[in-house]
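Values in this document were obtained by computation on a predicted structure and should not be read as measured data. Computation of the quantities below employed the complete heavy-atom set of this structure, encompassing side-chain atoms and omitting hydrogens, waters and symmetry-equivalent molecules.
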Amino acid sequence: MKHSTTQQTRRGRGPARRIGRTLALVLPVVLVLSGTLAVTRVNWSGNPSHPVLTAADASAVGASSKAAARAPYQVLQDRLLTELQAKNPGAALTQLQQAVNESPALARHCASIARALGRAAVRVYGPTRAQSYARPVCDTAFAAGVAAAHH
């Protein structure tokens, strides 16, 4: 008699057990996929003007194309920051003005580059000496960068 009671109990749990096993297998897969998709949708660049990458875009971008995909203004900014450290902020500002004159498309990034140069100048030269290099390149963006880094 005990044997028949055990079989009835197992049959009663059968569908629930199958559903539980199915969920135990499927739920982790769903959570991993949704987490992966959520991570690829986050704007990791820190620059809100860049569009957010989708999962398809992220997988299509190779390591070599990431370096080649840098915008011209980013390359210019890196070069000018190196110039600022190697020479002085005045040399970097002169090169910035020349680059904007040669390529007017860079004009819309001029102020942000000049502010970055101002912040870097404060780190390298201190606020008083950095301010002495200020000139009207891209309006007063360099001076604004110096002031923002000083306060």
Side-chain angles (χ1 to χ4, degrees), residues 12-151:
R13 289 188 299 178
R17 180 173 271 175
R18 271 193 305 263
I19 291 171
R21 285 182 182 168
T22 304
L23 282 175
L25 292 173
V26 173
L27 193 58
V29 173
V30 170
L31 290 173
V32 167
L33 287 176
S34 65
T36 302
L37 292 174
V39 168
T40 60
R41 296 289 301 170
V42 173
N43 182 358
W44 297 104
S45 69
N47 188 350
S49 66
H50 284 36
V52 176
L53 289 177
T54 62
D57 294 336
S59 63
V61 176
S64 62
S65 65
K66 283 183 183 177
R70 290 179 47 98
Y73 76 92
Q74 293 170 323
V75 173
L76 174 64
Q77 180 173 327
D78 289 347
R79 192 181 80 216
L80 293 175
L81 288 170
T82 302
E83 181 72 17
L84 181 141
Q85 291 178 356
K87 293 184 180 176
N88 61 54
L93 288 170
T94 299
Q95 287 187 16
L96 175 59
Q97 186 64 56
Q98 290 171 347
V100 171
N101 290 344
E102 292 170 6
S103 179
L106 292 172
R108 70 180 199 174
H109 301 288
C110 186
S112 66
I113 293 171
R115 277 191 299 276
L117 290 172
R119 289 189 299 269
V122 168
R123 286 192 300 272
V124 175
Y125 297 99
T128 305
R129 188 164 174 214
Q131 188 62 42
S132 71
Y133 289 101
R135 60 174 83 158
V137 176
C138 310
D139 296 325
T140 57
F142 179 82
V146 169
H150 179 61
H151 296 297

Any donor-acceptor N or O pair under 3.5 Å, side chains Gln74, Asp78: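 Distance-only check fails for Gln74 and Asp78.
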Val137 side chain reached by Phe142 side chain, heavy atoms, under 4.5 Å: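 A side-chain contact under 4.5 Å is absent here.
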Side-chain heavy-atom pair Leu76, Leu96 within 4.5 angstrom cut-off: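 Answer yes - side chains close enough.
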Which pair of non-hydrogen atoms, one from [X] and one from [Y], has the smallest distance, and what is that distance?
| X | Y | value |
| --- | --- | --- |
| Ala141 | Ala114 | CB-CB, 3.6 Å |
| Gly118 | Val146 | O-CG2, 3.6 Å |
| Gly145 | Arg119 | O-CG, 3.4 Å |
| Gln97 | Cys138 | OE1-N, 4.4 Å |
| Cys110 | Val100 | SG-CG2, 3.9 Å |
| Leu84 | Leu117 | CD1-O, 3.5 Å |

To the nearest 0.5 angstrom, please state how far the [atom1] atom of [X] sits from the [atom2] atom of [Y].
| X | Y | atom1 | atom2 | result |
| --- | --- | --- | --- | --- |
| Gln131 | Arg129 | CD | CZ | 14.0 Å |
| Ile113 | Leu81 | CD1 | CG | 9.0 Å |
| Thr140 | Arg115 | OG1 | CZ | 9.0 Å |
| Tyr125 | Ser132 | OH | OG | 9.5 Å |

Thr22 (side chain) donor-acceptor with Arg18 (main chain) under 3.5 angstrom: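 Checking the backbone N and O of Arg18 against the side chain of Thr22, a donor-acceptor pair under 3.5 Å is found.
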Residue pair Gln95, Arg79: steps toward the side chain to side chain contact (heavy atoms under 4.5 Å, CB included) verdict: CA-CA 10 Å; Gln95 287 187 16; Arg79 192 181 80 216; 3.9 Å; yes
